[in-house]
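Quick note: residue numbers are just sequence positions, from 1.
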Amino acid sequence: MTESAGTEHAATMSISDVAERTGLSTHTLRYYEREGLMFAPVDRASSTHRRYTEADLNWVTFLTKLRLTSMPIAKMREYVELARRGDDSTCSSTG
């Protein structure tokens with residue numbers, strides 16, 4: 001087994017773990033994934049169960065903060081698309 005494989009397995013959480021840590025339901029977590037709100041696709045174990053990383057957990061926590069601002073899902077999706085593009089989504093200024 002490689003070092004990264006062992007580390008990856010140890011650092012993942014089930015959907016119920018993430019639900020417990022975020023206070024969201026498993027249904028909401030699946031909905032966020034279905035709606036394209038996750039920054040990156042959630043990994044799956046060989047059993048097809050979702051395996052969340054700490055980065056996924058942090059992103060879900062961020063999404064809950066966006067929802068607290070009453071941001072609609074459609075706007076959240078736009079934000080996620082911009083975040084995925086990174087620096088390519090900024091305006092160039094000439095001067």
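- For the ring-ring contact (aromatic ring centres under 6.0 Å, His included) with Trp59, the lone residue among Tyr32, Phe39, Tyr52 that qualifies is Phe39.
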Determine whether Asp17 and Ser14 satisfy the following criterion, side-chain hydrogen bond (donor to acceptor under 3.5 Å, both in side chains), listing intermediate values before the conclusion. CA-CA 5 Å; Asp17 293 334; Ser14 69; 3.2 Å; yes
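- Looking only at side-chain heavy atoms (C-beta outward), Thr64 and Arg67 stay at 4.5 Å or farther from each other.
- Side-chain contact between Leu29 and Val18 is present, with at least one heavy-atom pair separated by less than 4.5 Å.
- Remark: side-chain polar atoms of Asn58 are not paired, donor with acceptor, to backbone N or O of Ala55 under 3.5 angstrom.
- Residues forming a ring-ring contact (aromatic ring centres under 6.0 Å, His included) with Tyr31 (at least two apart in sequence, or on another chain): none.
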Can you list the steps and then say if Met38 with Val80 is a side chain to side chain contact (heavy atoms under 4.5 Å, CB included)? CA-CA 8 Å; Met38 295 303 293; Val80 171; over 6 Å; no
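- Residues Asp43 and Thr12 form no side-chain contact, since every pair of their non-hydrogen atoms from C-beta on lies 4.5 Å or further apart.
- For residues 25-36, the pairs satisfying salt bridge (charged side-chain N to carboxylate O under 4.0 Å, His left out) are Glu33-Arg44, Glu33-Arg50, Glu35-Arg77, with sequence neighbours left out.
- Evaluated for a side-chain contact (heavy atoms from CB on, under 4.5 Å) with Thr61, the options Leu24, Thr22, Asp56 yield exactly one hit, Thr22.
- Note that CE of Met13 is 11.5 Å distant from CD of Glu20, once rounded to the nearest 0.5 Å.
- Atom CG of Leu37 and atom CZ of Phe62 lie 11.5 Å apart (nearest 0.5 Å).
- Here the closest non-hydrogen pair linking Ala19 and Ser25 is CB-C, 4.2 Å.
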